[in-house]
Amino acid sequence: MDGVAVQRCERCPELVDSRSRIVNGVGPEDAALCFVGEAPGAQEDAEGEPFVGRSGDVLDEVLRDVGLSRADVRITNCVRCRPPDNRDPKQGELANCRGYLERELSIVDPEILVTLGKVPAEHLLDRDVAITAEAGDLVETRIGDRPQRLLLSVHPAATLYDRSQREPFEETIERAAELAGEAVGDQSRLGDY
Ligand code: URA
């Protein structure tokens, strides 16, 4: 449990019913590279950690391929509670959880924030995103009162449904690692944590 963890929240009645627990972000509180997904799935809800199911296995593999491990990066979600039947989070749920994400990002202050999939990209950019076409794009935006460099990526699960997404996914994660590494003056390990 770190200083940005949410311990109690009952803002979304449907999610309070569907969750077993609140799934907070994990990883260093000063990580140069941060990943943000949509919401916890079944495995994440069971274990209390983001991206520990099949999507997480893909993310871990690709991080390894670029010389990083899960312990080097921050991993979080737009919504911290598992939606029923793994549906997408509703706009009101995203809005209810937004302050928690903004607080986490303001403390971590990552050099690069990678959005995993369409939902976090649209939520944080506040526009429609054609994620397959825009994946790999680096965008300057503002999140809360801070500027943020954001790199769009497909969701790791997309690589399981469509093998042709694997290579572009790997390229995006490699670029994210390079950009974050350049920013902290170490291209291979994102500096010393
Ligand atoms: N998908 C997400 O978007 N987040 C998780 O934590 C797991 C799967």
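All ligand and atom numbering here is 1-based and tracks the order in the structure.
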Q: Where does A39 meet ligand 1, judged by heavy-atom distances below 4.0 Å: at the side chain, the backbone, both, or neither?
A: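 Backbone only.
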Q: Can you list the ligand 1 atoms lying under 4.0 Å from a non-hydrogen atom of E38?
A: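 Counting atoms of ligand 1 from 1, those under 4.0 Å from E38 are 2 (C), 3 (O).
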Q: Return yes if some donor-acceptor pair links the side-chain N/O of R142 with the main-chain N/O of D145 below 3.5 Å, else return no.
A: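 Yes.
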Q: Side chain, backbone, both or neither: which applies to Q43 and ligand 1 if a contact is any heavy-atom pair less than 4.0 Å apart?
A: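 Within the 4.0 Å criterion, Q43 makes no contact with ligand 1.
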Q: Any Lys/Arg nitrogen of R166 or E170 sitting under 4.0 Å from an Asp/Glu carboxylate oxygen of the other?
A: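 The answer is yes: the pair qualifies as a salt bridge.
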Q: Would you please determine whether L116 falls within less than 4.0 Å of ligand 1 on a heavy-atom basis?
A: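 It does not, in that no heavy atom of L116 comes within the 4.0 Å cut-off of ligand 1.
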Q: At under 4.0 Å between heavy atoms, is it the side chain or the backbone of E44 that contacts ligand 1, or both, or neither?
A: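 Side chain only; the backbone of E44 stays clear of ligand 1.
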Q: Do S55 and ligand 1 have an N or O pair less than 3.5 Å apart?
A: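 No; the residue has no nitrogen or oxygen that sits under 3.5 Å from a nitrogen or oxygen of the ligand.
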Q: Under a 4.0 angstrom heavy-atom cut-off, which atoms of ligand 1 come close to H155?
A: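 Checking each atom against H155, I get 1 (N), 2 (C), 3 (O).
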Q: Below 4.0 angstrom from a heavy atom of G37, which ligand 1 atoms are there? Numbered from 1 as shown, please.
A: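 What qualifies from ligand 1 is 3 (O).
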Q: Hey, what do you get for CD1 (I143) to CZ (R149), rounding to the nearest 0.5 Å?
A: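 One gets 13.0 Å once the value is rounded to the nearest 0.5 Å.
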Q: side-chain hydrogen bond (donor to acceptor under 3.5 Å, both in side chains) for T76 and E104? Distances and angles first, verdict last.
A: CA-CA 9 Å; T76 192; E104 181 173 17; 2.8 Å; yes
Q: May I ask you to check whether over 12 heavy atoms, not counting those of D17, lie within 6.0 Å of atom CG?
A: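 More than 12 heavy atoms, drawn from other residues, nucleotides or ligands, come within 6.0 Å of this atom.
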Q: May I ask you to identify the nearest protein heavy atom to atom 8 (C) of ligand 1, giving residue, atom name and distance to one decimal place in Å?
A: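 The protein heavy atom lying closest is F51 CE2, 3.8 Å.
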Q: Between F51 and H155, does the ring centroid distance fall short of 6.0 Å?
A: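 Yes - the distance between ring centres of F51 and H155 falls below the 6.0 Å cut-off.
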Q: What protein heavy atom lies closest to atom 6 (O) of ligand 1? Include the residue and the distance to one decimal.
A: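 So the nearest neighbour among protein heavy atoms is N77 ND2, 2.9 Å.
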Q: Under a 3.5 Å cutoff, is there a donor and acceptor pairing between the side chains of T159 and Q165?
A: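 Distance-only check fails for T159 and Q165.
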Q: Does a side-chain N-to-carboxylate-O contact under 4.0 Å join E134 and R127?
A: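 Yes, charged N to carboxylate O under 4.0 Å.
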Q: Looking only at distance, does P50 have an N or O less than 3.5 Å from an N or O of ligand 1?
A: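 In fact, backbone or side chain, P50 has no N or O that close.
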